[in-house]
Asker: 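This structure is in structure tokens; I'll ask about it shortly.
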Number of protein chains: 2
Amino acid sequence: MELDEGKQKFIQSWGTLGSHWGINRTMAQIHALLLIANRPYSANDIKEELNISMGNTNMNIRALIDWGLVYKELKPGERKDFFVAEKDMWEVVKRIITQRKKKELEPMLRVLEDVSKVQGEDADTEEFKKVVQDIKLFSSKADSALDNLIKADSNWFIGTFMSMIK
Amino acid sequence: MELDEGKQKFIQSWGTLGSHWGINRTMAQIHALLLIANRPYSANDIKEELNISMGNTNMNIRALIDWGLVYKELKPGERKDFFVAEKDMWEVVKRIITQRKKKELEPMLRVLEDVSKVQGEDADTEEFKKVVQDIKLFSSKADSALDNLIKADSNWFIGTFMSMIK
DNA sequence: TTGAGTTTTCAAAATTTATTGAAAAATAAT
DNA sequence: ATTATTTTTCAATAAATTTTGAAAACTCAA
């Protein structure tokens with residue numbers, strides 16, 4: 001396989017994978033491109049390489065920076081901004097967990113808290129409260145577990161999980 | 001808060017959450033409805049309750065059954081099929097992990113395996129191979145860890161993770 | 001075997017989400 | 001202050017995904 005074909009395949013697959021992880025396809029493709037880049041890329045480099053508009057490039061670079069998956073790098077004497085990817089996979093996963101926890105798990109916990117206040121003593125209400133309580137308990141456990149995971153350092157995590165792999 | 005309002009809120013939120021987890025909104029809403037139901041529901045009950053078409057109802061029920069999140073229940077003397085939700089949250093999470101592993105992680109591993117075969121000795125190729133190798137290693141570790149997680153039983157998991165929460 | 005009830009299929013329509021492109025704003029060298 | 005370059009914004013457009021609805025297939029009792 002040629003390098004260009006390999007790069008192309010990797011970028012496409014990373015894009016598809018990302019789109020299932022709350023990262024849209026272009027956003028993930030930019031991340032993929034920067035992952036396999038051996039130098040910082042300007043927004044224009046990225047635009048050219050992926051054949052996308054400047055607006056799209058700009059919005060997704062900023063989203064990536066916001067998620068902590070890409071860093072801005074200033075080259076002395078250069079007017080343009082340059083960008084590099086976070087390449088430590090555990091760091092990448094941690095950043096994604098952090099974002100999704102904030103955007104999904106935490107709002108869900110608030111809703112569960114809220115709806116657990118329903119009035120009534122009938123069987124339907126009791127069943128509803130029971131289910132909500134169960135999910136609330138599970139979710140807050142997951143929330144704490146994820147917090148700990150994120151706080152823990154890379155090696156500790158790998159170590160703990162490796163011991164699980166037998 | 002009234003029970004109906006609470007149910008409605010819960011169904012909507014579960015729908016939104018699901019849509020970030022590879023489960024489309026309707027599919028997650030059906031699951032939510034069945035979670036808080038205190039009896040089996042027919043496809044028609046679901047259609048009526050959520051105000052969706054029969055086609056949509058049918059497709060999403062089958063997807064839920066395929067994912068192992070809903071079970072078909074036959075009532076003696078009844079012609080219709082009835083459905084109940086898997087209510088054990090850890091079981092739900094395991095099923096989702098299983099599906100997503102199959103649909104996302106495993107294809108990615110195959111692509112990584114494939115593209116790691118690129119030809120060439122130059123710096124670009126070396127950088128590419130290095131990144132791919134790193135991701136491949138991380139991904140296969142994650143894959144094994146998830147396998148173990150799925151195999152392990154509910155209490156073992158909760159126990160292990162609780163000890164992490166301090 | 002017929003036919004009422006039920007489930008499945010799938011092309012077309014509706015909805016949601018992502019992308020473009022052009023204009024405006026910011027930046028920094030002259 | 002002027003101008004060339006780069007970045008940002010956002011309404012319009014395009015693409016992708018979901019939902020519908022109507023027809024076909026299936027199921028089972030009579």
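Every chain is numbered from 1, with letters handed out A, B, ... down the list of sequences.
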Asker: May I have the distance from B:K80 (atom NZ) to D:dC28 (atom P), rounded to whole angstrom?
Answerer: 15 Å
Asker: Measure from CD1 on B:I65 to P on C:dT7 and round the result to the nearest Å.
Answerer: 11 Å
Asker: So do the side chains of A:I135 and A:L112 get within less than 4.5 Å of each other, counting heavy atoms only?
Answerer: yes
Asker: Whole-Å distance between D:dT8 C1' and A:N44 CG?
Answerer: 15 Å
Asker: Rounded to the nearest Å, what distance is computed from the CD atom of residue B:Q29 to the P atom of nucleotide D:dT19?
Answerer: 8 Å
Asker: Rounded to the nearest Å, what distance is computed from the NZ atom of residue B:K47 to the C1' atom of nucleotide D:dT20?
Answerer: 11 Å
Asker: Does a side-chain heavy-atom distance below 4.5 Å link A:I36 with A:I11?
Answerer: yes
Asker: Taking the side chain as every heavy atom from C-beta outward, state whether B:F83 and B:I65 have any pair of such atoms under 4.5 Å apart.
Answerer: yes
Asker: Just wondering, do B:D143 and B:L146 contact through their side chains at under 4.5 Å, heavy atoms?
Answerer: no
Asker: OP1 or OP2 of D:dT7 less than 4.0 angstrom from a side-chain nitrogen or oxygen of A:N58, does that happen here?
Answerer: no
Asker: For the residue pair A:R100 and B:W21, establish whether any side-chain heavy-atom pair is separated by less than 4.5 Å.
Answerer: yes
Asker: Does OP1 or OP2 of C:dT7 have a side-chain N or O of B:R62 closer than 4.0 Å?
Answerer: no
Asker: Whole Å only: how far is the CD atom of B:E48 from the C1' atom of D:dT20?
Answerer: 15 Å
Asker: So do the side chains of A:F138 and B:W90 get within less than 4.5 Å of each other, counting heavy atoms only?
Answerer: yes
Asker: Specify the separation, in whole Å, of atom CZ of A:F83 and atom C1' of D:dT8.
Answerer: 12 Å
Asker: Reading nucleotides 18-30 of chain C 5' to 3', which nucleotides get B (base under 4.0 Å from a protein heavy atom), which S (sugar-phosphate only), which -?
Answerer: SBBB-----BB--
Asker: Is the shortest heavy-atom distance from the side chain of A:K9 to the side chain of A:M1 under 4.5 Å?
Answerer: yes
Asker: To the nearest angstrom, how far is B:D45 atom CG from C:dT6 atom C1'?
Answerer: 13 Å
Asker: Using a heavy-atom cut-off of 4.0 Å across all strands, would you classify B:D81 as base, sugar-phosphate, or nothing?
Answerer: sugar-phosphate
